[in-house]
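Reviewing the structure listed below.
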Amino acid sequence: MLFRSGDILEDVTKLRSAGVPIGWVILDNPWESCVGSLTFDRNRIPDPAGLIRTLHAEQIKLMLWISPKVTCDAGGYAPSELVGSGSGAVINFANAVAVGRFQAKLRALVALGIDGVKGDRGDEVDLEPRGAALQNSYPVQYATASMAALPKGAAAIFRAGYTSEQRVLPAIWGGDQPGDWTGLQRAIRGAASAAMSGFPVWGSDVGGYASAGLTSEVFSRWTGLGAISPVFEVGGIGQNATPWTFGSGAMVALRNAGVLHYELFPYLYRSEEHTSEIQ
């Protein structure tokens, strides 16, 4: 989905006009000049610092989509700092120079004013030929390198996870479900599985991610899951990114779910604190 600074602020206005509480904006892919550069595409966002200041003035924080993929030379990584090649290349987090380069890019974004990251991918490239355990350890390396570059207490939600990552990440989300009843069922199962795997702070894209056939009814029902999930996120490819296009019924459902989510926040926050203490 293409967007520009004005689109982001217009979306915030529409949500608030409908009474939907909003505390964060997530800039999903593509916001970079190219994937892996971790620099803003100035054609889309000509003044990133100004956009961040405007959002902060509205008491809204900004989260950026990131990934370990590097799809062009603008990433600045040497071949030895990557695993794979071409569109399938990812950062080699076993390489200290690559980790330092990646973290420097993240710290520059923090200095610009971002408040957190949405760590996508980390589970797609076949890494087993390089070592039987690497497929599972790679997501942990990715999360560890990312969180070490962010200030203490920074927000983050990641997709890929493995044992011990519970100690690293504040939250995960359920990946890309289809925008239909099957997708909602998978999200509910994913929530239960995440909790039993030691990831209690979890959420899903309300309405799914690939949502070309999404209906108002499915979206409205999914907002209920979002309301009681520690992470309540609306977005994806389709109408769930612009829920007002579904009509008033869906917006009422979204507003009611959003209000309930904030009413539950003190309980969810205390639960998260307790979980951190016992890990």
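Judged by distance alone, the side chain of Thr242 and the main-chain N or O of Thr245 form no donor-acceptor pair under 3.5 Å. With Gln135 contributing its side chain and Val125 its backbone, the two residues share a donor-acceptor pair below 3.5 Å. Here the side chain of Glu165 pairs a donor or acceptor atom with the backbone of Tyr162 at under 3.5 angstrom.
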Inset, instruction - Would you check, one step at a time, whether the test side-chain contact (heavy atoms from CB on, under 4.5 Å) holds for Glu32 with Thr39? - result: CA-CA 5 Å; Glu32 301 166 270; Thr39 57; 5.6 Å; no
Inset, instruction - Any chance you could lay out the side-chain contact (heavy atoms from CB on, under 4.5 Å) test for Leu62 and Trp24, step after step, and finish with the verdict? - result: CA-CA 6 Å; Leu62 179 68; Trp24 288 80; 5.9 Å; no
Legend entry - Chi angles and distances behind the side-chain contact (heavy atoms from CB on, under 4.5 Å) call for Leu214, Asp180: CA-CA 6 Å; Leu214 181 64; Asp180 52 27; over 6 Å; no
Legend entry - salt bridge (Lys or Arg N to Asp or Glu O under 4.0 Å) evaluation trace for Glu124 with Arg159: CA-CA 11 Å; Glu124 295 175 321; Arg159 185 177 93 184; 3.3 Å; yes
Inset, instruction - Apply the test side-chain contact (heavy atoms from CB on, under 4.5 Å) to residues Leu106 and Ser146: give CA-CA distance (whole Å), side-chain angles for both, the deciding distance (0.1 Å), then the verdict. - result: CA-CA 8 Å; Leu106 282 183; Ser146 300; 4.2 Å; yes
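Between Lys118 atom NZ and Trp173 atom CH2 the span is 4.5 Å, to the nearest 0.5 Å. Atom-to-atom distance recorded for Lys61:NZ and His56:NE2 is 7.5 Å, nearest 0.5 angstrom. To the nearest 0.5 Å, the span separating CD1 on Ile8 from CG on Asp11 amounts to 8.0 Å. Annotation: the span from Ile172 atom CD1 to Ser197 atom OG amounts to 7.5 Å, rounded to 0.5 Å. Atom CE of Met147 and atom CZ of Arg167 lie 15.5 Å apart (nearest 0.5 Å). The CG atom of Leu169 lies 10.5 Å from the CD1 atom of Ile157; values are rounded to the nearest 0.5 Å.
In this structure the side chain of Gln239 reaches within 4.5 angstrom of the side chain of Phe246, judged on heavy atoms. The closest side-chain heavy-atom distance from Leu134 to Gln141 is below 4.5 Å. Looking at heavy atoms from C-beta onward, His261 lies out of side-chain contact with Ser229 at the 4.5 angstrom threshold. Between Leu64 and Phe40 the shortest side-chain heavy-atom distance falls below 4.5 Å. Here the side chains of Val259 and Val20 are not in contact, with every heavy-atom distance at 4.5 Å or above. Using a 4.5 Å cut-off on side-chain heavy atoms (C-beta onward), Arg130 and Val83 make contact. Within the 4.5 Å cutoff, the side chain of Trp31 has no heavy atoms near those of the Asp41 side chain.
Contact detail for Met251 and Ala18: the closest heavy-atom pair is CE-CB, 3.5 Å. Across every non-hydrogen atom of Ala148 and Arg107, the tightest pair is O-NH2, 3.7 Å. In terms of heavy atoms, Pro243 sits closest to Leu254 at CG-CD2, 3.8 Å. Here the closest non-hydrogen pair linking Ala145 and Val99 is CB-CG1, 4.1 Å.
For Phe102 and Phe93, the ring centers are positioned less than 6.0 Å apart. Tyr142 and Phe158 have their aromatic ring centers within a separation under 6.0 angstrom.
Linking ILVMFWY residues whenever their side-chain heavy atoms come closer than 4.5 Å, directly or via other members, places Tyr267 and Ile228 in the same cluster. Trp244 and Ile60 fall within the same hydrophobic cluster, defined by Ile, Leu, Val, Met, Phe, Trp and Tyr side-chain heavy atoms under 4.5 Å apart, directly or through other members.
For the residue pair Asn29 / Trp65, no side-chain donor-acceptor distance below 3.5 Å is found, with atom types taken as modelled. Residues Thr13 and Ser17 bring no donor and acceptor atom of their side chains to less than 3.5 Å of each other.
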Would you list the atom pairs, donor with acceptor, under 3.5 Å between side chains in residues 219-226 and any protein atom, with sequence neighbours excluded?
from, atom 1, to, atom 2, distance (Å)
Ser220, OG, Ser216, O, 2.8
Trp222, NE1, Ser204, OG, 3.1
Thr223, OG1, Ser220, O, 2.5

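Counting heavy-atom neighbours within 6.0 Å of Lys105 NZ, excluding the residue itself, gives a total above 12.
Checked against Leu15 for a side-chain contact (heavy atoms from CB on, under 4.5 Å), the options Ile22, Val234, Val25 give a single hit: Ile22.
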